[in-house]
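Below is one structure, written out as structure tokens, with a few remarks after it.
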Amino acid sequence: MQEPPDSIQQISLTAPPWTDDNESIATQETHPGYALQMHQAESFINELLARADARPASGSLLQYLCLIQRQYSCIPETTVHVLAERLSIPASQVFSVIDFYTFLHRTPRGDFDILFSNNITDRMLGSQALFGRLCQILHVEPGVPRADGRVTVDWTSCTGLCDQGPGMLVNGIAVSSLDEKRINEIAEQVENKTPLKQWPADWFEIKDNIQRRDILLSDQIVNGSAIEALINKGAENLLQAIEQSGLRGRGGAGFPTAKKWRFCRDTKADDYYVVCNADEGEPGTFKDRVLLNSYADNLFEGMTVCAGIIGAKKGYLYLRGEYLYLREALEETLQQRRQSGLLGNNILGQEGFDFDIDIHLGAGAYICGEESALLESLEGKRGIPRKRPPYPVNQGLFGKPTVINNVETFINAAKIAVFGADWLRAAGTEQSAGTKLLSISGDCERPGIYEYPFGTSVSQILADCGAADTQAVQVAGAAGTTLTADAFERSICFEDLATGGSFMVFNQQRELLAMVKNFSDFFRHESCGFCTPCRVGGALINDLVNKVMVGHATQLDLEEMKNIGSLMQQASHCGLGATAPNAVLQTLEKFPDIYTARLANRSFEPAFDIDAALAPSRKITRRDDPGAHIAYEPEQSSKP
Amino acid sequence: MKPPVLTIESGKKPRLATAALCGCFGCHMSLLDIDERILKLVDMVEFDRTPLTDIKTVGECEIGLIEGGVANTENVEVLRDFRRHCKILVAVGACAVNGGVPAMRNQFDVQDCLEEVYLNGIGVVDPQIPDDPEIPLLLDKVHPIHEVVHIDYFLPGCPPSADTLWTFLNELIEGKEISFPYSLIHYD
Ligand SMILES: Cc1cc2nc3c(=O)[nH]c(=O)nc-3n(C[C@H](O)[C@H](O)[C@H](O)COP(=O)(O)O)c2cc1C
Ligand code: SF4
Ligand code: SF4
């Protein structure tokens, strides 16, 4: 039986440890983030490394860094050097990983590190005002630790609490349903230095919020029954059953699951891996949150069945950092399964059926949901998407054949193992068997989780969730499809609207350009930076969207957005860059008025305020002569 | 949007102006690299303001070639002046197109740049930041020229090769759509 993996839960939900003695207010000199001595760093790293992990040591780099970050609210430089030496990698590699992940920092954050979720749905629920309010009461500048080191207040990408937002993370732990009262109370707790575990428990309550169940959420299986089915039917028969069921990946792309498993099974190797993609980073998606909370056994069952079919001994659950709060319960479920003989060696008494699962934490990077970037991240590296081929089923984690599936996919597979192919076939359409979990948020009366048979129309869904006066629906997240009212008869399925499950509703009162800007900000921030079309194109489009927002854009700028967008679609290295301009391009086409209404009445407008750009130099030189100014000259510079 | 095509009254030579903003003059050197074809160019166009003629003010022109990015007040003024006077304005070279090498200072505060150069740099004597009104004031960042005025064509390269410039000018003057053989847009 394997040792339980090292786990973050061993470090409790307090504010960082050095704040517990009430005397010391951490300052530049005393904060361990700046002042951690070499011998202290060494003993802490020794402790970390002593927790055995099955991976090659450097593969755990990101996990170690997450733990160090949690301990010191940053990665002190001394720990970088010790860690680099122990793992036999250059320090520069450690720094590059730190700089890649949003939740890792070189310099200390506040003792309370508060991150507001920045999805458009949080904004629609008033997060901006609450953010401003908290900064104001705490006297803190956005993103900058307060002088006494007590607190930082900042933004982060969608935290998956869209149905009960606005949401935030405090020291990595999710807090939902923010309002003015709660913000005031949070400020109080921060000023009083109340350790997080003494904050009112109901602030941390995240509801499942399941509004509609269909077969997947209703038809329960007994723990172990899918594994028994595998043992009784045999791997080949079960794989055929999954094939016949028509199960396709639920992460968005819809690749046939059995085909993936078979490719992997047919690749000759000495090791195989099963990986579950629980990164759930697509803005507006939160169904995996609910599955991980209430259907974890089914998920692990599905992963174990997959392991039995492909011959894997090891599996990883890649859990997004935003779902840290789910980790403890997930570890417990794994432990119970080990105790029940459903994980570990000789599963259910089958000689040689050995399989165990580790949880690997992400650290705030949307790109790590892309499967090859996820593998890089699992190997402890920066999440830069790989070239394909080779595909993960041939050369995946640590170069071994690997199956990666979404949470929902594995749960479907587990249930197919028990109920058979027809169970899935009975719901859905020809090309899309079964059901899909939708995460519904935005302008509707009943946001939450809705399970629908594939083929359900958008209008049906809107009616069910209590959406009225709907202007647009964004299906499949920031990277997805913007639907106008005349497209509400389209349906959710791979033949029509493929989706990972995000479904955001915008009523007639909403300024759609705010959505476009929010998504464009998101992609600019989340681009991994590897390729130019996405890194630069995303920034240029974002600048132009901002130019439209402030009323300075011209028709030429709209043309430019189309050019850049289409280039990004064609030339980006991975799906992130290829889909990043979608919202801009689609709204330019379907909602041109939201742009044209804001165009400047000129043929050309500079990209920046030229005179303002001279202000710093004026100040430095103390000049204010006419030559130190540039007048605004729209007409003269407008000669296209 | 399609870039504009040049139309010239028959029997008239198009006027050509060029200017270097914040660049290294390498793009102008590249133009000179057309070698003896410069004599043909003299037949093809009438030179207006350009360092080649040393004419200091720009008149009404068909074509304006701009090297370099926009880094200070003078760059803004020259560029606007060119836009006012040139039917077709072309960004020539990486600095004009992207900001190029000078834009490497964009990583830093303009104050830090000035202090490094005029106060703290090695070998600085009589350290002081120049404040004479005759000296063009620096913008806080170096910008590509299309962020200040509308630009009709972009010729990338550092510098674009002589053949690229030659091909471009010929096609433009002949009223053709601009197209380059692969060898002219292949950069390694
Ligand atoms: C930028 C990007 C982000 C992605 N994020 C996720 C994600 O958060 N969760 C997920 O399951 N799949 C995500 N995917 C899709 C995965 O690459 C992969 O297709 C999926 O995990 C395969 O599992 P499935 O076949 O079960 O859907 C993402 C893809 C891209 C391009
Ligand atoms: S498209 Fe974007 S996210 Fe993907 S590899 Fe290129 S830069 Fe990275
Ligand atoms: S593009 Fe290159 S050659 Fe031209 S001015 Fe800039 S640095 Fe000089």
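To find a chain, count down the sequence lines: A is the first, B the second, and so on, and within it residues start at 1.
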For the candidates Ala613(A), Gly627(A), Ala628(A), which exhibits the highest count of non-hydrogen atom pairs separated by less than 4.5 Å from chain B?
Ala613(A)

If I measure from the heavy atoms of chain B, does Ile610(A) come under 4.5 Å with its side chain, its backbone, both, or neither?
both

What part of Arg618(A) is in contact with chain B, defined as an atom under 4.5 angstrom from a non-hydrogen atom: side chain, backbone, both or neither?
both

Looking at Glu77(A), I want to see if its CD is surrounded by more than 12 non-hydrogen atoms of other residues, nucleotides or ligands under 6.0 Å.
no

Yes or no on side chain to side chain donor-acceptor pair (under 3.5 Å) for Glu526(A) and Ser157(A), after CA distance, side-chain angles and deciding distance?
CA-CA 9 Å; Glu526(A) 296 296 342; Ser157(A) 298; 2.6 Å; yes

Please report the closest heavy-atom contact between Asn118(A) and Asn518(A), naming both atoms and the distance.
O-ND2, 2.8 Å

I'd like to know whether His629(A) forms a side chain to side chain donor-acceptor pair (under 3.5 Å) with Asp624(A), so could you lay out the CA-CA distance, the side-chain angles of the two residues, the decisive distance to 0.1 Å, and finally the verdict.
CA-CA 7 Å; His629(A) 290 272; Asp624(A) 201 20; 2.6 Å; yes

Less than 4.5 Å to any heavy atom of chain A: does that hold for the side chain of [X], its backbone, both, or neither?
X	value
Pro130(B)	backbone
Asp132(B)	backbone
His143(B)	side chain
Leu138(B)	both

Hey, are Tyr595(A) and Thr587(A) close enough side-chain-wise for a donor-acceptor pair under 3.5 Å?
yes

Pairs in or reaching into residues 36-52 of chain B: which pass side-chain hydrogen bond (donor to acceptor under 3.5 Å, both in side chains), with residues at least two apart or in two chains?
Arg15(B)-Asp48(B), Thr18(B)-Thr50(B), Arg37(B)-Asp163(B)

Heavy atoms only, distances under 4.5 angstrom: which of Asp81(B), Ile129(B), Thr73(B), Leu114(B) has the most pairs with chain A? Name it, please.
Thr73(B)

